[in-house]
Number of protein chains: 2
Amino acid sequence: MTKSRVTVVDIARAAGVSKSTVSLVLQASPLVNEQTRARVNAAIRDLGYVYNRGAANLRQTASSKIVGIVVNDLTNSFFAELAVGMDMVMQSAGFVQFLANTGESLDRQREVIASMREHGISGLIISPARGTDASDFKPLIAAGVPVVIVVRNIAGAKVSSLLSDNYAGARAATEHLIALGHRRIAFLGGFADTAVSADRIDGYRDALAAGGLAADAALVVNSAPSRAGGVAAIERAMLIADRPTAALCFNDAVAFGVCDGLRARSLEPGRDFGVVGFDDVIEAQTAVPALTTVSVDPQGMGRRAAQMLLKQINSGRVEAEAQVASVRLVVRQSCGTVAGPWGGGASHDTIANDTMGTDRRQHDRP
Amino acid sequence: MTKSRVTVVDIARAAGVSKSTVSLVLQASPLVNEQTRARVNAAIRDLGYVYNRGAANLRQTASSKIVGIVVNDLTNSFFAELAVGMDMVMQSAGFVQFLANTGESLDRQREVIASMREHGISGLIISPARGTDASDFKPLIAAGVPVVIVVRNIAGAKVSSLLSDNYAGARAATEHLIALGHRRIAFLGGFADTAVSADRIDGYRDALAAGGLAADAALVVNSAPSRAGGVAAIERAMLIADRPTAALCFNDAVAFGVCDGLRARSLEPGRDFGVVGFDDVIEAQTAVPALTTVSVDPQGMGRRAAQMLLKQINSGRVEAEAQVASVRLVVRQSCGTVAGPWGGGASHDTIANDTMGTDRRQHDRP
DNA sequence: CAGGATTATTGGATCGTTCCAAATTAGTCA
DNA sequence: TGACTAATTTGGAACGATCCAATAATCCTG
């Protein structure tokens with residue numbers, strides 16, 4: 001039971017130097033003599049000293065080595081992987097991260113951001129909850145705290161952002177389904193009022209138009225962006241008179257739900273119905289049938305967002321920068337085929353795994 | 001661009017009081033006059049003051065309102081949900097959490113714990129990486145930082161722990177499979193050198209013995225505790241001469257992988273082969289077939305671990321307490337049936353959903 | 001060996017908050 | 001009014017590390 005903590009002064013006393021010298025050793029300054037350094041380090045070990053960053057951060061020149069990360073739903077693999085990607089680069093950079101889950105609650109989001117600020121974060125990465133307003137970031141900006149918005153765009157926010165190319169991905173996926181011969185293609189899941197959903201639906205609609213197919217509003221079915229939402233969405237979609245034969249899903253979670261719902265109706269995804277996801281979550285590769293999906297590489301996106309933030313923190317300048325991560329369609333076994341003018345007609349998809357990109361609009365990263 | 005941050009002194013000046021009074025207002029002390037309080041609060045709002053916890057924490061009486069959470073694999077839904085559960089109660093308690101992923105690396109674990117200590121965490125919840133030694137917690141204990149170990153036990157560690165009743169869960173699941181008429185039951189996935197795995201295998205073996213079945217070492221197949229590992233495990237299991245007709249899987253991720261692997265061989269899980277998982281991850285309910293599994297309620301476990309930690313932090317006493325969370329078998333559609341002396345013989349499981357528990361050894365929580 | 005240049009070391013003062021003892025003001029009662 | 005509470009308010013001295021300016025020790029070099 002050590003009562004009071006060990007401080008630089010204790011170390012100084014033990015090593016027979018001044019606290020200033022100890023401080024220099026702590027910062028690995030080249031100014032200090034090797035023998036002195038050794039003596040100090042020995043004392044540090046012996047006394048079990050732990051550096052107190054809180055004290056160091058008091059001097060306003062210092063940066064806290066803490067960043068905040070705010071996501072809406074950590075139980076969604078997409079965000080979990082995003083967080084893991086960020087964790088990787090943050091850890092290697094010697095930063096430690098506050099992570100908070102908002103569950104789409106604006107109140108929680110406000111609270112955690114306030115709390116993080118009190119703890120002196122030197123940067124924030126956030127996937128904003130639905131309904132977040134650009135003005136919510138004003139105080140952060142005013143305080144000079146760099147912010148990177150990921151995944152969901154907030155119009156008018158004067159901060160950096162890293163979004164995936166939702167339009168291109170949805171368009172490529174839809175074009176792929178059309179090329180396979182599908183004519184009735186649904187868009188399942190997601191909420192229409194989010195920018196992400198809007199972009200994906202735009203891509204989907206434009207692909208239909210380009211393929212000479214009419215857009216049927218009934219084929220766009222909203223639902224929660226979760227597995228359960230997918231089950232619900234496919235159920236409603238199958239009630240339509242002229243049933244779809246394939247669907248582009250809002251995300252992989254929805255796609256898995258759609259597969260579940262299809263099986264519940266004794267339809268085999270990939271054979272009887274084409275299913276394409278969005279995100280390329282880890283399970284997409286191993287699921288049966290392996291999910292054709294638009295690969296967003298959440299972990300890579302997390303890493304990239306972290307790098308963007310670190311760059312701003314280190315440069316000391318808060319310059320908003322908008323990056324769009326390109327996506328690629330990964331063709332696996334779930335897309336289905338329809339016999340027809342173009343269609344191959346084989347009952348199982350034979351296109352090689354993990355082929356082929358589409359799109360490389362900007363900022364391509366190998 | 002506010003250059004220097006706003007401090008209590010600025011507030012004091014603006015409100016025409018002393019910094020001490022401002023401090024009292026910040027702590028909602030009843031000592032201060034209502035009008036003064038209002039004036040101070042107005043100044044706080046006007047100047048956009050943010051409380052600096054780092055400074056407050058300097059005084060050694062204060063507690064930092066920060067806890068550390070260390071998990072091995074956030075991409076595993078089990079841990080993601082665990083973290084979400086912890087996040088819930090920590091957020092409500094006004095705490096903010098460092099979250100770090102170790103990916104089973106002992107080095108990373110050491111690093112992040114050290115880093116968290118430097119930032120002054122007032123408690124730590126950890127699901128230790130494989131190979132963690134009890135002595136790794138010595139410094140924390142010496143410093144009086146409460147620690148709660150979750151999920152995986154570390155023999156000899158003098159800290160609190162919250163484990164699930166792996167033995168009872170595995171035993172109940174195995175007994176259920178036996179009752180359905182299965183005679184060749186495999187145990188798939190997980191590494192034999194972990195305590196969790198060992199406990200579950202013990203429960204499995206004892207259930208077999210109690211059911212008069214011989215334990216066949218070949219039926220226990222190790223693999224990574226992941227979806228991919230499950231695919232690999234079932235593949236190896238199907239090579240055994242006298243094939244199993246059902247399997248208890250190390251966790252749900254493995255169970256899903258097993259389902260994938262079965263489908264790849266054109267076997268339908270639940271009908272042609274019984275699959276039981278462990279954890280009861282969210283997807284277990286919605287998957288098709290819905291997964292029969294031992295419900296550990298990861299989110300609930302996270303909440304409970306957080307409560308244990310908070311209790312210790314608030315009481316100021318670091319008293320190790322070992323809790324075992326009871327588990328219950330949730331029977332869904334994946335367990336399969338075998339025609340036989342007991343077996344019902346129906347090709348689809350007909351037992352009601354989400355029934356019934358087994359076991360209530362201790363600390364039962366409704 | 002004086003004087004200058006290096007190389008090492010070191011007292012404070014400082015960061016933003018809390019807390020204690022002491023001071024100020026207001027209120028009560030004889 | 002003066003003494004005596006009770007209610008408010010307030011200077012400083014911490015807390016633990018950093019950093020600047022200044023000092024001390026060492027090494028050259030003519």
Side-chain angles (χ1 to χ4, degrees), chain A residues 2-41 43-44 47-66 115 117-122 143, chain B residues 2-41 43-44 47-66 115 117-122 143:
Chain A
T2 16
K3 37 176 77 182
S4 64
R5 39 192 170 193
V6 180
T7 79
V8 272
V9 189
D10 299 315
I11 302 297
R13 214 184 342 259
V17 296
S18 80
K19 60 186 165 48
S20 303
T21 305
V22 177
S23 175
L24 290 173
V25 171
L26 288 174
Q27 309 168 68
S29 161
L31 291 177
V32 44
N33 183 290
E34 277 315 317
Q35 292 156 44
T36 314
R37 185 193 308 282
R39 210 141 33 89
V40 170
N41 279 325
I44 286 177
L47 302 193
Y49 167 76
V50 288
Y51 185 75
N52 183 335
R53 267 179 208 282
N57 290 156
L58 262 187
R59 330 225 61 252
Q60 74 273 67
T61 46
S63 104
S64 71
K65 291 288 185 181
I66 304 179
S115 174
R117 285 200 64 195
E118 294 185 352
H119 282 104
I121 50 171
S122 30
Chain B
T2 14
K3 37 177 75 183
S4 64
R5 37 191 172 192
V6 181
T7 79
V8 272
V9 188
D10 299 315
I11 302 297
R13 211 178 350 253
V17 296
S18 79
K19 58 183 168 48
S20 302
T21 305
V22 176
S23 175
L24 289 175
V25 171
L26 287 174
Q27 311 168 64
S29 160
L31 290 179
V32 45
N33 181 291
E34 278 314 317
Q35 292 157 44
T36 314
R37 184 192 308 280
R39 213 142 30 93
V40 170
N41 279 325
I44 286 178
L47 302 192
Y49 167 77
V50 292
Y51 185 76
N52 183 334
R53 268 178 207 282
N57 291 156
L58 262 187
R59 332 231 52 250
Q60 74 273 65
T61 46
S63 104
S64 71
K65 292 288 186 182
I66 303 179
S115 174
R117 285 200 62 195
E118 294 186 352
H119 281 104
I121 50 171
S122 29

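Proteins come first, then strands; the chains are lettered A, B, ... in the order of their sequence lines, and each starts at number 1. Side chains are part of it too, since the values below use all heavy atoms of this structure and drop only hydrogens, waters and symmetry mates.
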Would you list the protein and nucleotides 25-27 of chain D atom pairs, both N or O, that sit under 3.5 Å from each other?
none

Practice problem: List the atom of A/Tyr49, the atom of A/Val6, and the distance in Å for their closest heavy-atom pair. | Solution: CD1-O, 3.3 Å
Quiz prompt | Residues which pass salt bridge (charged side-chain N to carboxylate O under 4.0 Å, His left out) with A/Arg39, listed by chain and number, not counting sequence neighbours | solution = none
Quiz item: Going 5' to 3' along DNA chain C, which nucleotides are the first and last within contact of chain A (any atom under 4.0 Å from a heavy atom)?
Solution: C/dA8 to C/dG16
Quiz item: To 10°, what angle do the rotation axes through the five end pairs on each side of the helix from C/dC1-D/dG30 to C/dA30-D/dT1 form?
Solution: 50°
Quiz item: Can you pull the side-chain hydrogen bond (donor to acceptor under 3.5 Å, both in side chains) pairs that have at least one residue in residues 16-25 of chain B, sequence neighbours excluded?
Solution: B/Ser18-B/Thr21, B/Ser23-B/Gln27
Quiz item: Within a strict 4.5 Å, meaning less than it, do heavy atoms of the A/Ile44 and A/Leu26 side chains meet?
Solution: yes
Practice problem: With sequence neighbours left out, write down each residue that passes salt bridge (charged side-chain N to carboxylate O under 4.0 Å, His left out) with B/Arg59, or none if nothing qualifies. | Solution: none
Practice problem: Check whether any side-chain heavy atom of A/Val25 lies under 4.5 Å from a side-chain heavy atom of A/Ile11, and answer yes or no. | Solution: no
Exercise. Check whether the side chain of A/Arg59 and the base of D/dA17 form a donor-acceptor pair under 3.5 Å.
Key: no
Filtered N/O pairs between nucleotides 6-8 of chain D and protein, under 3.5 Å:
none

Self-check item: B/Arg53: side chain to side chain donor-acceptor pair (under 3.5 Å) partners, not counting sequence neighbours
Solution: A/Glu118
Quiz prompt | Distance in angstrom units between B/Leu58 CG and D/dA13 P, rounded | solution = 18 Å
Quiz prompt | With B/Ser64 via side chain to side chain donor-acceptor pair (under 3.5 Å) - residues at least two apart | solution = B/Ser122
Quiz prompt | Residues within residues 10-24 of chain A bordering DNA chain D, heavy-atom distance below 4.0 Å | solution = A/Lys19, A/Ser20, A/Ser23
Quiz item: Heavy atoms, side chains only, cut-off 4.5 Å: are B/Asn52 and A/Leu58 in contact?
Solution: yes
Quiz item: How long is the line joining NZ of A/Lys65 and P of D/dA17, in whole Å?
Solution: 18 Å
Quiz prompt | Sequence neighbours excluded, every pair satisfying salt bridge (Lys or Arg N to Asp or Glu O under 4.0 Å) that has a member inside residues 8-17 of chain A | solution = A/Asp10-A/Arg13
Practice problem: For B/Arg117, enumerate each residue passing the salt bridge (charged side-chain N to carboxylate O under 4.0 Å, His left out) test, keeping only those at least two apart in sequence or located in another chain. | Solution: none
Practice problem: Quick one: pull up NE2 in A/His119 and CD1 in A/Ile66 and give me the separation to the nearest 0.5 Å. | Solution: 7.5 Å
